[in-house]
Amino acid sequence: MTELAYTEPKPKIYAGAKDDWEVVIGLEVHAQVSSKSKLFSGASTKFGAEPNSNVSLVDAAMPGMLPVINEFCVEQAVRTGLGLKAEINLYSRFDRKNYFYPDLPQGYQISQLYHPIVGEGEILVDMEPGVARKVRVERIHIEQDAGKSVHDMDPEMSFVDLNRTGIALMEIVSRPDIRGPEEAAEYVRKLRQILRYLSTCDGNMQEGSMRADVNVSVCKAGTYEKFRASDNDFSILGTRCEIKNMNSMRFIQQAIDHEAKRQIAIIEDGGTIDQETRLYDPVKSETRSMRSKEEAHDYRYFPCPDLLPLEIEQSWVDSIAAGLPELPDDKKARFVSDYGMTEYDAGVLTADVANATYFETVAKGRDGKMAANWVINELFGRLNKEDHSIEESPISATQLGGVLDLITKGDISGKIAKELFEIVWTEGGDPAEIVEARGMKQVTDTGAIEAAVDEVMAANPDKVAAAKAKPSMAGWFVGQVMKATGGKANPKAVNEIIRAKLGIE
Ligand code: ADP
Ligand code: MG
């Protein structure tokens, strides 16, 4: 499969009071594995359950309980790695990251610091047709999620809900290759699209299935190129701040913008940036310091003694690779080459698998461009207006295909097709039968059209004389004949017959 050609976008430039600045961004995305049970226990992961009802003794960290690895979760991490064209590490290991948190009863999180299951990969971030940036993925590791502290139910007390505790997360860490707020949002969007294609994470940001920690630093022009030429020498870059737990594309963009401007103002004022963890407050439109940044050694990481190293077989990885679906970049490139559509349209149709499958069902054995037009303009337009997903479409791909067949056969005009679309949308039914039953078929029988033309001309001798003198008047007759035939006459035939009768070339 060939890749679509692209050029890299320019980094976003921030004009400070004294200088121009560039921004450098690296993202750590936490993606919840789509698994029915947790990473180390059999407890359910169902969202929205009664607080503390999805908690096993392992999740509650009762003394003597031991974690047991969930093979399905490991498989999803491998699948994700393969989907990001990353190297899969046959040997990985779990480490304890020690910290106290009321919603983490173990007192540590089981994660993978030293030997993650997935190594270097990449994500192509599409900005606009022909413009994309290849962002390197540094690693993906598997870890447990923590629970949730609830502070707003009682003025005196806090509550804890351990339903999330122990749910499997994949932490997908990018290299600091993202060069602007829009790119960061597009990176998350593209990652979410790939995860959904792979069905390893549902990507539901409202439910917290995907959250991003956003690392931001600023530097002058040329600095980033020096960093890229080095062997990941981070000291070349500016000091970064990490904005925690972002769960919307819009907030990610806003937070980066504010953070970049904050850092530039401090540096231009002669100050220095403290490496710290910050929170974004969308109401005040600012980032606030949460804590100074811990280093790995603050967590006293050590190999988890309760779990053996994770050793997987290459043959297992190969079988997972063999089962991967066609991914967004490949699908998009194929749509452009197979159906001759624009890259933009291909992007719209491949935004998610359901859209793409619907389109391909309609396009099968039909004109690809025509199918793309109808799916994007009529169907998606209508679905958007009514806030329906493609799964809820009242018109199936087979029904829409039926409408297109009637146009191709010349049974209905484009205009009648839109009326037919409307009928099928609201009433359902087989398009061909509807056209037959309601007499919507286009009249191509020239005899019938001629009769209609003669009738109109006989009733309007003055207009006939005028049109003979001024050929542009012929349009008036076309309108009258279309009206007289209820819009069913083939407009091309009508036009030809009128012009012939008026003696116009
Ligand atoms: P930690 O896990 O302590 O947050 P990592 O070394 O794993 O630290 O890096 C976290 C993220 O920060 C990565 O996405 C990395 O690319 C990014 N990053 C590192 N240095 C910078 C920097 N100077 N500017 C922007 N992003 C950075
Ligand atoms: Mg981090």
Side-chain angles (χ1 to χ4, degrees), residues 11-12 14 21-31 84 86 95-99 109 111-123 125 133-143 146 169-181 183-185 187-188 190-191 210-246 252 255-264 266-267 272-279 287 289-301:
K12 169 147 186 181
Y14 286 86
W21 297 83
E22 292 178 5
V23 67
V24 173
I25 303 155
L27 257 55
E28 298 159 275
V29 173
H30 290 93
L84 301 183
D95 303 299
R96 283 188 181 178
K97 182 181 186 181
N98 296 282
Y99 61 104
Q109 177 193 32
S111 181
Q112 297 187 306
L113 177 69
Y114 301 103
H115 297 280
I117 186 156
V118 178
E120 291 260 350
E122 64 186 37
I123 296 178
V125 180
R133 188 183 303 282
K134 198 165 267 180
V135 173
R136 296 167 301 161
V137 168
E138 180 186 318
R139 56 189 276 152
I140 304 177
H141 59 260
I142 318 174
E143 62 185 27
L169 301 178
M170 299 178 280
E171 178 166 338
I172 302 154
V173 184
S174 85
R175 292 276 178 201
D177 291 354
I178 301 163
R179 307 303 317 282
E183 270 180 52
Y187 170 89
V188 176
K190 184 64 176 280
L191 175 58
M210 229 180 124
R211 288 114 66 189
D213 297 344
V214 182
N215 295 270
V216 181
S217 66
V218 295
C219 59
K220 302 229 175 106
T223 308
Y224 178 77
E225 286 66 27
K226 248 182 256 161
F227 166 75
R228 284 305 290 263
S230 78
D231 182 21
N232 288 313
D233 181 356
F234 284 90
S235 70
I236 295 171
L237 297 175
T239 302
R240 69 176 150 127
C241 286
E242 180 182 23
I243 313 161
K244 273 278 177 207
N245 261 327
M246 309 289 302
I252 288 174
I256 292 170
D257 246 338
H258 288 290
E259 181 56 20
K261 287 175 187 157
R262 186 188 72 88
Q263 292 182 14
I264 292 165
I266 292 174
I267 300 169
T272 50
I273 305 301
D274 295 326
Q275 185 171 326
E276 59 185 2
T277 300
R278 301 180 70 85
L279 278 185
T287 64
S289 181
M290 194 176 144
R291 53 174 192 247
S292 73
K293 174 76 188 171
E294 300 83 354
E295 296 293 340
H297 61 253
D298 295 326
Y299 291 114
R300 299 292 187 272
Y301 274 99

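All of these numbers come straight from a predicted model, not from anything done at the bench. Just so you know, ligand 1 is whichever comes first in the structure, and atom 1 is the first atom listed for that ligand.
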Quick look: L27 vs ligand 1, heavy-atom contacts under 4.0 Å, and the answer is backbone

Here the atoms of ligand 1 under 4.0 Å from any heavy atom belonging to R175 are 16 (O)

Going by the 4.0 angstrom heavy-atom rule, the piece of E28 near ligand 1 is side chain

Polar contact flag, side-chain donor to acceptor under 3.5 angstrom, E28-N215: yes

Any heavy atom of N215 under 4.0 Å from ligand 1? The part involved is both

Check: of E242, K244, R240, min heavy-atom distance to atom 9 (O) of ligand 1 comes from R240

Check your understanding: Any luck finding a side-chain donor-acceptor pair between Y299 and D95 under 3.5 Å?
Key -> no

So the atoms of ligand 1 within less than 4.0 Å of a heavy atom of P176 turn out to be 16 (O), 26 (N), 27 (C)

Here the atoms of ligand 1 under 4.0 Å from any heavy atom belonging to F234 are 19 (C), 20 (N)

Pair R240-S217, side-chain donor/acceptor within less than 3.5 Å: no

In ligand 1, the atoms that come under 4.0 Å of a heavy atom of V173 are 13 (C), 14 (O)

If we number the atoms of ligand 1 from 1 as shown, the ones under 4.0 Å from a heavy atom of G238 are 23 (N)

Numbered in order shown, the ligand 1 atoms found under 4.0 Å of a heavy atom of L237 are 22 (C), 23 (N)

- [ ] Compute the shortest N/O to N/O distance between S217 and ligand 1 and return yes if it is under 3.5 Å, no if not.
- [x] yes

Between A184 and I256, the two heavy atoms sitting closest are CB-CD1, 3.4 Å

Any chance the side chains of S289 and E276 put a donor and an acceptor closer than 3.5 Å?
yes

**Message:** Would K226 and Y224 count as a cation-pi pair here, with the cationic atom under 6.0 angstrom from the ring centre and within 45° of the axis?
**Reply:** no

Counting from 1 in the order shown, the ligand 1 atoms closer than 4.0 Å to a non-hydrogen atom of V24 are 24 (N), 25 (C)

So K12 and E22, salt bridge (Lys or Arg N to Asp or Glu O under 4.0 Å) or not? Walk me through it. CA-CA 6 Å; K12 169 147 186 181; E22 292 178 5; over 6 Å; no

Looking only at non-hydrogen atoms, the one of S174, C219, A212 nearest atom 14 (O) of ligand 1 is S174

* Asked: So, does E183 use its side chain to make a donor-acceptor pair with the main chain of I25 at under 3.5 Å?
  -> no

**Q.** Lys/Arg cation over aromatic Y301: R96, 6.0 Å, 45° cone
**A.** no

